[in-house]
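The block underneath contains the structure these notes are about, expressed in C-alpha cells.
Fair warning: this is a prediction, and the values are worked out from it, not measured in the lab. Protein chains get the first letters and strands the later ones, always in sequence-line order, with residue 1 at the start of each.
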Number of protein chains: 2
Amino acid sequence: MSRSSVTKRPTIVDVAAHAGVSTAAASKVLRGAYGVSPEMKAKVQASMKALGYRPLASARGMRGRTYTVAVVVADLHNEFSSLLVEGIRRECERQKYRLLVAPAGSGKDAQDRMVEDLIDRAMDGIVLISPLGTDAELEELAKKIPVVVLGRHGASPEFDSVAADDFAGANLVVDHLVSLGHRQITYVNHTTTGTNDARLPEEVRVRGYVDAMIRHGLGDAIDIIQSQWSQEGGEESGRLILSRKERPTAVFAGCDVAAFGVLTALWNAGIRVPDEISVAGFDNIFTTSLAPISMTTVDQSGLNMGSTAGRLLLERVGGRAEAVNSSVLPVLVPRGTSAAPLLEVGKG
Amino acid sequence: MSRSSVTKRPTIVDVAAHAGVSTAAASKVLRGAYGVSPEMKAKVQASMKALGYRPLASARGMRGRTYTVAVVVADLHNEFSSLLVEGIRRECERQKYRLLVAPAGSGKDAQDRMVEDLIDRAMDGIVLISPLGTDAELEELAKKIPVVVLGRHGASPEFDSVAADDFAGANLVVDHLVSLGHRQITYVNHTTTGTNDARLPEEVRVRGYVDAMIRHGLGDAIDIIQSQWSQEGGEESGRLILSRKERPTAVFAGCDVAAFGVLTALWNAGIRVPDEISVAGFDNIFTTSLAPISMTTVDQSGLNMGSTAGRLLLERVGGRAEAVNSSVLPVLVPRGTSAAPLLEVGKG
DNA sequence: TAAAAAGTGTATAACGTACTACACGGATTC
DNA sequence: GAATCCGTGTAGTACGTTATACACTTTTTA
C-alpha cells in the first residue's frame, strides 16, 4: 500500500490537508469565492500546484458549474459551422471555459436528443446553430439551461440570439447582379421537409431575393428552384436549369455548397462561367476563395458571430437575465463567377 | 410548494419510490446489471418512462461510466478530420454512446491541456487524431484512460491505433506520376517545429516519396520543400517552385490543402495545370472532387478509419486489455491535375 | 465603549448514482 | 434432512465538490 501517491488522483480534501486548512476553504479558493485572505489563497494554491490537483468536473457538476459549454451542430462538414465554432471556442478559452462540439446529425429529433444529452451531462450552457423547432420550444429549453441561438432570426425575450441579416445579404447579391446587367436571376432555395419556420436563414434569404427582384422591377422574372443546400442539391438544380429552353443569365444559390453543385453541373455541361451564366453563393466559406473557383458570395463573418454568441452565453451563465438579440450585417464579396451577361435577355 | 413536479428533475430515488422498490434495484435496471427479475425490470422501466427519468451523467461519472467519449482534434477546418469524426460518431451512436468533439487548437501544449480537461470531465475514453508527443507519453496516458490513436504510425502494446499506410500511399502517387512520364517530381513536406516524430503521417509520407523515387532510379531528382500543410504553406511552396530556373514537371503535396495552395500559386502565375505542371495531393478531401479542381489525390477512407477507431475505443471501455493496431491501405484517385508532361526534362 | 458590521475560517449536509455486502427464500446437492 | 448454491432484492456507504450555516476575530459605527 505504499503506492498511494501514484495510484490515486488528489482531491480537494487532499489539498486542504496538505495546506492545513478546511476543505471548505480550499473550495473557496478554487472557485475564487468570497471570504479568503490573501495568505490563505496563496497557501492553498501552492498546495494545489504541489499535488498537481485538478478539480473533477463531474463532482462539481453535481452542486455547481462544470465550466463546460457545448455547441450543437448538425454537420461538421459545413465549413461555415466550423467558423462559428472557432469563434465560440476563442471566447470560451478567453474566459477559462471549455467548449465541446456536439455533432447531432440532421433532423429535429436528433437535435432534440442531443440537447437532452447535453443537459444530462451538466453543461453550463449551450449554443444552438440554426436549430429547428418553434420559439415556444426554444423558450421552454431556455428555462432549463442558458441558451444562445445562432443563425436563426427573430428576437425572443427568453433567450439570446445572434444572426446575420440574411435579408440584407440576399439583397446585396441581387443588387450586384442587377447592376451588372442581369435580369433573369434564378434562385436556388433550401426546403426543409415538415418545418416551415419563417425564422430560419433559408426562409429569410429567399424573401430577400424576392424583395430585391420586385424592388428592381423584376417581379415577373422571379424564379425559385426548390432544392436542398448540398452539393447534390446544387448539381440537380444546375441540371434542371440547363434542361430548360430559356436559361437565366445568373444563378444565385442561397448557400456556397449548393452553389458549388451548380458550378459543377455547369462545368460538366461545358457552360462557361461567368461568360454564359454568372453564379453567386452565400456564406463565404473558405473554398470559395480558391483561385480556380473564385466564387462571388456574401460574407457574414462567422468568426465574429461565433465569438459574440460565446460572450452572450457566458454572460448568461454568469447570471444575466434579460435577453440580448444581436444582428450582424453581411458584406458582398464579388469574385470571378459573376460578370455582365453576354447578351441581354430583357423583356418588353 | 405545490409545483414540486414541475420544478425538479426526477432522480433514480424518485423512480425507485414510484416503482415501490429500492434505489439499488432501480440502478440495476438502469445499468442492465445482473440480479433483476423480468417483473422488476418491467416495473422499473415503466416508472422511468412515466416520470420522464434521465440519468445524470455527472453523478454516474463519480462511480461508473458517463457513456461519453471524446475525440481530440486540432482543427475543425480540416475536412479530413471531419470525415474521421463522422466515422467515430456513427459507431458510438450504434452503441448508445455519445461522442463529443474537443477542438484543442494546434500545438502540443494545447492538445495536452485538452486531454487533461477531458479526463477531468470523466470521459469514458478518448480518440486522438494525429497526436503529438512520444510513445511513452501516450502510453502513460493510456494507463489513465482508454485511448485510441488515429492517424499516427507505430504499434504500441499499450494503446490501440488506426492508421492508413501513408508509406504505400506516397508510393502510389510517385508510381502514378512516373508512369505518366514524370521524372522531376517535387515533394511539399510538412515540418513540425520542435517535434520530429518518425510516427507522424508527414514523416512516413516523405519517406514513402523518397523510397519510391529511389526505386524508380530517380534518387538524384529528389526535391523536398520544407513547408507547412496549409493553404499558405502551399502557396509559398508554389511561388518558390516558380522562382526557380529549372522547374519540376510535377508537384506532389503531402496534403490536399497544401496542394490547393500550390494550385493557387500556379494559377495566379498563369501556369496551366496539368499541361505545364502536374499536381497531386493526399487525403481525398471533398473539395478535391469539385469539377473545376478535380485534383489527383490519395484516398484513405476516413469514414472507415473513424468507425474502426470508435469500435476499438468502445471495446477498450468495455474491458479489452490487449492492444489492437489496425492499418488501412489507401488507394490512388487519379483526376484532372495530373497528366503526361509536355516535354521530357530527362537527365543524361 | 458598546453594538453592529465586516472579514475570515470551519463543520457538515447535500448532490445523484454505483456497487459492495449482505439477507432471504427456494432449489439443488450429497 | 442438513448443507450448499443460486436468484433476487435491500441497506448503506462512497464518489468529489459546493454551499449553507455558523463561530470567531477584527474593524467600523453610533
> Using a heavy-atom distance cut-off of less than 4.0 Å, which residues of residues 44-61 of chain A contact DNA chain C?
Replying inline: none
> Picking from B/Glu315, B/Glu322, B/Arg316, what satisfies side chain to side chain contact (heavy atoms under 4.5 Å, CB included) with B/Asp160?
Replying inline: B/Arg316
>> Of the listed nucleotides (D/dT17, C/dG16, C/dG9), which one gets closest to any side-chain atom of A/Lys28?
In response: C/dG9
>> Can you identify which nucleotide, out of C/dG7, D/dT10, D/dT8, has its nearest atom closest to the A/Tyr34 side chain?
In response: C/dG7
>> Heavy atoms only, 4.0 Å cut-off, all strands: where does B/Thr11 land among base, sugar-phosphate and nothing?
In response: sugar-phosphate
>> By nearest atom, which of the nucleotides D/dT8, D/dA19, C/dT17 is closest to the A/Arg31 side chain?
In response: D/dA19
> What closest approach, in Å, do B/Met114 and B/Ala104 show between heavy atoms, and which atom pair accounts for it?
Replying inline: CB-CB, 3.8 Å
>> If you only use heavy atoms from C-beta on, which nucleotide in D/dT10, C/dT8, C/dA18 is closest to the side chain of B/Leu30?
In response: C/dA18
>> OP1 or OP2 of D/dT18 versus the side-chain N and O atoms of A/Ser27: is any pair under 4.0 Å?
In response: yes
>> Side chain of A/Arg63 only, heavy atoms from C-beta on: which candidate in D/dA19, C/dT10, C/dA18 is closest?
In response: D/dA19
>> Classify B/Ser37 by what it touches in the nucleic acid, base, sugar-phosphate, or nothing, heavy-atom distance under 4.0 Å.
In response: sugar-phosphate
> What does the inter-axis angle of the helix from C/dT1-D/dA30 to C/dC30-D/dG1 come out as, five pairs per end, nearest 10 degrees?
Replying inline: 30°
